[in-house]
Structure formats: C-alpha cells, structure tokens
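Let me begin by presenting the structure, written as structure tokens, before commenting on it.
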Amino acid sequence: MSAEKTVFMSIGVDILYEGHVKIIQKAASLGKLTVGVLTDSAMAGYKRSPLLSYEKRRAVAEAIKGVDRVVAQESVSGREYLLKEKPDYLVHGDEWRKGPQSAVREECIRALESYGGKLVEFPYTEDDEYTAIEQYARGQLSIPDMRRGRLRKLLETKNLITAIEAHSGLSGLIAEKTVVYQNGHGNQFDAMWVSSLCDSTLRGKPDMELVDMTSRMRTIDEIMDVTTKPIIFDGDTGGLTEHFVYTVRTLERMGVSMIIIEDKTGLKKNSLFGTEVEQSQDTIEQFCHKIQAGKQAQKTREFMIVARIESLILEKGEEDALNRAAAYVKAGADGIMIHSRKTDPEEIFSFVEKFRERDKETILVVVPSSYHSVTEQEFMERGVNIVIYANQLTRSMFPAMKTVAETILTYHRAEEAEKYCMSLKEIINLIPEDI
Ligand code: SPV
Ligand code: MG
C-alpha cells in the first residue's frame with residue numbers, strides 16, 4: 001500500500017512558488033513524506049546565499065500540507081539521509097538531469113541503488129515566474145546593506161571562509177558563479193578579494209599605491225554591478241589616517257564588508273618582494289591610531305577592519321608579529337592577517353598556534369600565495385578563519401593571453417590560436433543580458 005511507503009525530497013529554495021508546491025503534493029501522494037530543508041551553508045554552496053534563514057525556511061516547510069516531517073539537510077544531494085533512513089522513494093523535479101546538477105543526481109542514484117530505493121522524477125521547468133523570483137533574490141542580495149553584513153554572518157556560521165580575487169566584472173562573475181560538486185556538496189567561494197596587486201597589474205602599473213582610491217573604487221563598483229557576494233578590500237597601508245577615515249565611510253556605504261590594511265608606511269611595495277626592496281614598517285603606536293580612527297569612523301556594526309602584519313615579510317621575527325597582533329586587537333581591529341612569502345608554511349603555522357593560545361576569538365586571515373600546498377581543511381583545523389586566494393585569476397589570464405598573441409604573430413593569422421580560445425558562441429552567451 002502506497003500509504004506505508006516512505007518518501008524523501010529536498011527543498012533548496014527560499015521562496016516557494018506553485019511549481020514547487022505541486023511537486024511536494026505529488027511526493028506526498030506516494031507515501032509518508034519527509035522533507036530535507038537545506039541548511040544555510042548547503043544553500044550557499046548549491047546556488048546562492050539564502051534570503052531567509054534556515055529556521056524560517058524550515059517553519060514554512062513544516063506548515064505545508066502533506067509534509068510529515070522536516071529534517072536539516074547538510075549536503076546538496078541529501079545522500080546522508082538516503083543512506084541512513086533508506087526511504088522507498090526519492091522525489092525530484094526532472095530539471096536536474098541537465099547541467100551541473102546532473103552530478104548531484106548521479107550521486108543520489110548511486111545511494112538509492114545501494115539499498116534498493118527508487119527515484120521518482122516529475123516534470124519541472126524553471127519558468128518565467130521562477131526566473132523573476134531568482135532575479136528579485138539576487139537584487140536583494142546585492143543591495144549594499146544586505147551585502148555588507150553577509151560576511152560577518154558567514155563568519156558566525158562557517159568555520160572557514162574562502163575568498164578569490166576579482167578585478168573586473170568578468171572575473172567577479174567567475175567568483176560569483178563557479179560551482180564544483182563534490183561528495184554531495186556544492187563548493188563555491190564565499191567572498192571576493194579586491195587585490196591591490198591585481199588592480200595595479202591590470203592597469204600595467206606597479207603595486208605601490210599608484211592606482212588611486214577613486215580608480216580602486218571604480219573596480220569595486222564594476223564588480224558589484226554584476227555580483228552579490230561579499231567583498232574584502234585590500235586597502236594597502238590605508239594611507240594617511242586623515243584620509244583613511246573617509247575611505248572607511250565610502251567603502252561601508254558602497255556595501256564592502258571588510259578592509260585589510262597593512263602596517264607599512266611611506267612608499268609601499270608588494271609584500272612578495274620582502275626585503276629585496278626598501279620597505280618600512282609603521283610604528284605600533286601610529287598603526288594602532290589608524291585602526292582606532294577607522295573603527296570610530298564606521299557607521300555600522302557589520303563593517304570590519306583587519307590589521308595586516310608585515311613582520312615576517314620584513315624579517316622582524318615572530319615575537320614582533322605577536323606583539324603587534326596583540327596591540328592591534330586591543331586598538332579595535334576585528335581581525336589579524338598574517339603574511340609570509342616563504343614556500344614552507346612553518347612560520348605561518350607557528351604564528352597561528354601561538355596567536356590562538358592567547359586569543360581564541362579574533363578573526364585570523366591568511367593569503368597562501370607562496371605556501372600554496374596547504375589545504376583549507378588544515379588551515380581550519382589550526383584556527384584560521386579566512387583564506388584568500390589573492391591573485392590566481394589574474395596570473396592565469398596573463399599566460400593564456402600571451403600564448404594567443406605569440407601564436408597569431410607566428411602564423412600571421414588567428415586559426416592556430418582558436419584552440420586556446422572559447423568559441424564565439426560561448427563568449428556571446430557568457431553574459432546574460434539581464435544579470
Ligand atoms: C594583494 O593581493 O595585493 C596583496 C597580497 O596585498 S600580496 O600580493 O601577497 O601582498
Ligand atoms: Mg596588496
């Protein structure tokens with residue numbers, strides 16, 4: 001008897017409409033229906049950050065006629081529920097047969113096969129109504145007030161945040177939309193890093209605060225125009241304290257979530273030069289004063305100022321780095337970024353360990369450009385909160401463009417360069433008219 005069968009389906013949307021409700025009703029007609037409501041982090045990995053919190057979405061699911069039970073679903077596929085509870089049927093709309101979601105479908109099929117469960121698919125298309133709801137949601141998420149606060153919320157709910165560098169609208173779209181499905185989970189970057197190195201390199205200029213704040217803000221604006229994810233801004237030295245307070249207010253008003261300023265003074269050069277070039281570190285007193293002034297200038301609770309310590313870069317030693325970290329936190333810094341240009345992560349690990357012995361709360365940020373063999377899992381276990389992939393999109397673009405330029409110069413035509421390029425059809429369809 002169908003009433004004795006058990007049925008499972010997932011809800012991975014925050015605004016339900018008729019199409020979803022119809023599938024829920026069909027699922028309920030097959031037996032006793034359990035609904036898996038995706039947790040906030042599963043939702044963010046799968047598509048985008050939810051507008052409504054897990055608790056609110058759960059309450060809606062519980063109120064739907066035909067739903068017998070609601071469970072929290074930590075993965076996109078709900079594989080863990082299938083394997084544990086072994087429901088007779090898994091119900092899903094058939095739209096997941098195509099595109100990136102097909103990997104999730106395959107995974108569910110394997111789980112069902114392992115115990116003899118059955119997949120039931122009902123016709124479902126993401127129609128105009130659904131598109132309109134999604135556009136509304138994205139519009140809401142991109143509003144400065146909504147965007148600014150999201151990084152703090154993510155830090156409260158996730159053990160580790162990842163950010164990838166974005167330097168333009170196009171790279172912003174890659175940071176926003178790239179998803180990899182793996183072991184039942186959707187992997188996405190949580191935030192974007194607007195790097196001074198990349199912003200300068202893109203303009204063919206050295207990374208020494210030559211690209212001015214107006215131009216840097218224009219880059220942020222371009223990225224914000226087409227994305228919704230939170231932004232971490234590389235504020236270099238922050239400039240004069242008298243100027244820094246204005247920068248804080250402007251960034252905050254724009255919807256940026258965090259600025260990271262480094263404790264260098266005078267003509268700043270890129271940290272990866274280390275001691276090969278003349279660079280001077282600010283005094284603890286002056287840098288603390290800058291942090292305090294910035295914290296006083298900000299208008300919202302959500303905006304964050306992170307102090308970046310250059311002691312390891314400038315070979316001033318770990319003790320100096322730890323002393324500075326304690327002073328900067330006392331001055332009001334929301335977080336500490338510790339930087340290193342060594343390929344061996346040992347000095348970073350040692351700093352993180354000693355810092356965490358004294359301070360369990362303050363946000364810790366790392367930029368593993370040189371010590372890139374360390375995994376996110378390892379950073380998380382050691383107590384790091386944010387990992388920034390600071391320059392990889394710019395660095396990957398450069399060799400690709402150079403190869404194409406050399407190929408055209410070699411063959412005096414473009415045919416041989418085609419294999420390095422995306423097709424014309426792909427490029428014209430890459431950017432939807434209405435983002
Ligand atoms: C940047 O991306 O501009 C940074 C990180 O500040 S680094 O280039 O390593 O100094
Ligand atoms: Mg920089």
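Ligands are counted one by one from 1 in listed order, and the atoms in each one are counted from 1 as well.
- Distance alone, capped at 3.5 Å, is enough to place a donor-acceptor pair between the Thr407 side chain and the Thr403 backbone.
- The option from Asp207, Val194, Asp199, Asp234 that lies nearest to atom 3 (O) of ligand 1, judged by heavy atoms, is Asp234.
- Taking a cutoff of 4.0 Å between a charged side-chain nitrogen and a carboxylate oxygen, Glu134 and Lys47 do not qualify as a salt bridge.
- Not one N or O on the side chain of Arg216 forms a donor-acceptor pair closer than 3.5 Å with the backbone of Phe233.
- Inclusion of Ser369 in the set of residues having an N or O under 3.5 Å from an N or O of ligand 1 is not warranted.
- Checking Glu165, Arg308, Arg341 against atom 10 (O) of ligand 1, the nearest heavy atom belongs to Arg308.
- Here Arg413 pairs with Glu416 in a salt bridge; the nearest charged N to carboxylate O distance falls below 4.0 Å.
- Counting protein heavy atoms only, atom 9 (O) of ligand 1 is closest to His339 NE2, 2.7 Å.
- Considering backbone and side-chain atoms together, Glu262 places no N or O closer than 3.5 Å to any N or O of ligand 1.
- Distance alone, capped at 3.5 Å, places no donor-acceptor pair between the Arg341 side chain and the Ser271 backbone.
- Listed by number with element, the atoms of ligand 1 under 4.0 Å from a non-hydrogen atom of Ala390 are 2 (O).
- With waters left out, the protein N, O or S atoms under 2.8 Å from the Mg ion (ligand 2) add up to 2.
- Short contacts between ligand 1 and Leu272, defined as distances under 4.0 Å to a heavy atom of the residue, involve ligand atoms 9 (O).
- Salt bridge status for Asp359 with Lys330: absent, with no side-chain N to carboxylate O gap under 4.0 Å.
- A salt bridge is defined here as a Lys NZ or Arg NE, NH1 or NH2 lying under 4.0 Å from an Asp or Glu carboxylate O, and Lys268 with Glu209 fails to meet this definition.
- In terms of protein heavy-atom proximity, atom 2 (O) of ligand 1 is closest to Ser195 OG, 2.8 Å.
- For ligand 1, the polar-atom distance check finds an N/O of Asn270 within less than 3.5 Å of one of the ligand's N/O atoms.
- In this structure, the side-chain hydrogen bond (donor to acceptor under 3.5 Å, both in side chains) partners of Glu406, at least two apart in sequence or on a different chain, are Lys402.
- Side-chain contact check for Asp320 versus Arg324: some heavy-atom pair is nearer than 4.5 Å.
- Of all atoms in ligand 1, listed by their number and element, those nearer than 4.0 Å to a heavy atom of Ser271 are 10 (O).
- Minimum interatomic distance between Gln298 and Val248 (heavy atoms only, all atoms of both residues): CB-CG1, 3.8 Å.
- For ligand 1, the polar-atom distance check against Leu197 finds a nitrogen or oxygen pair separated by under 3.5 Å.
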Could you give me the CA-CA distance, side-chain angles and deciding distance for His20 and Tyr17, then say whether ring pair (Phe, Tyr, Trp, His ring centres under 6.0 Å) is met?
-> CA-CA 6 Å; His20 303 122; Tyr17 88 111; 5.0 Å; yes
